[in-house]
Amino acid sequence: MKLKDVILLSLSAALVIIGTHMTITQGITFSYPIFMFAVVLLFWFKYRKNKNMEQEARKSNSAQKKKRK
């Protein structure tokens with residue numbers, strides 16, 4: 001996992017904690033944007049992870065094809 005992925009995941013977890021605290025103290029209306037931003041960061045993390053897995057699969061497939069020839 002790259003540094004940017006770790007930062008995205010950590011920031012998302014921190015925003016969930018902050019959003020939970022704001023929900024308890026101020027209500028869901030004020031914490032809703034924070035939860036949505038956390039979800040966006042989670043989607044971005046998952047997108048980057050899937051993209052990296054596809055690139056690795058392509059590299060391994062091309063390496064196997066070269067070995068066969």
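Values below: every heavy atom of this structure, side chains too, minus hydrogens, waters and symmetry copies. Along the sequence shown, residues are numbered consecutively beginning with 1.
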Drop me the distance from [X]'s [atom1] to [Y]'s [atom2], to the nearest 0.5 angstrom.
| X | Y | atom1 | atom2 | result |
| --- | --- | --- | --- | --- |
| L9 | K49 | CG | NZ | 9.0 Å |
| L3 | S10 | CG | OG | 9.5 Å |
| F37 | L42 | CZ | CG | 11.0 Å |
| F45 | L11 | CZ | CG | 12.5 Å |
| S31 | I24 | OG | CD1 | 9.5 Å |
| D5 | K2 | CG | NZ | 7.5 Å |

| Closest contact, heavy atoms only, L15 versus I34 |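 That would be O-CG2, 3.3 Å.
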| request: Please report the closest heavy-atom contact between I28 and F35, naming both atoms and the distance. | output: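 Smallest interatomic distance, heavy atoms only, reads CD1-CE1, 4.2 Å.
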| query | Any link between I7 and W44 through a network of hydrophobic side chains (Ile, Leu, Val, Met, Phe, Trp, Tyr) touching at under 4.5 Å? | reply |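 Unlinked, I7 and W44 end up in two clusters.
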| message | With a 3.5 Å distance limit and no angle check, can you tell me whether T20 reaches the backbone of V16 through a side-chain donor-acceptor pair? | response |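 Looks like yes, one N/O pair under 3.5 Å.
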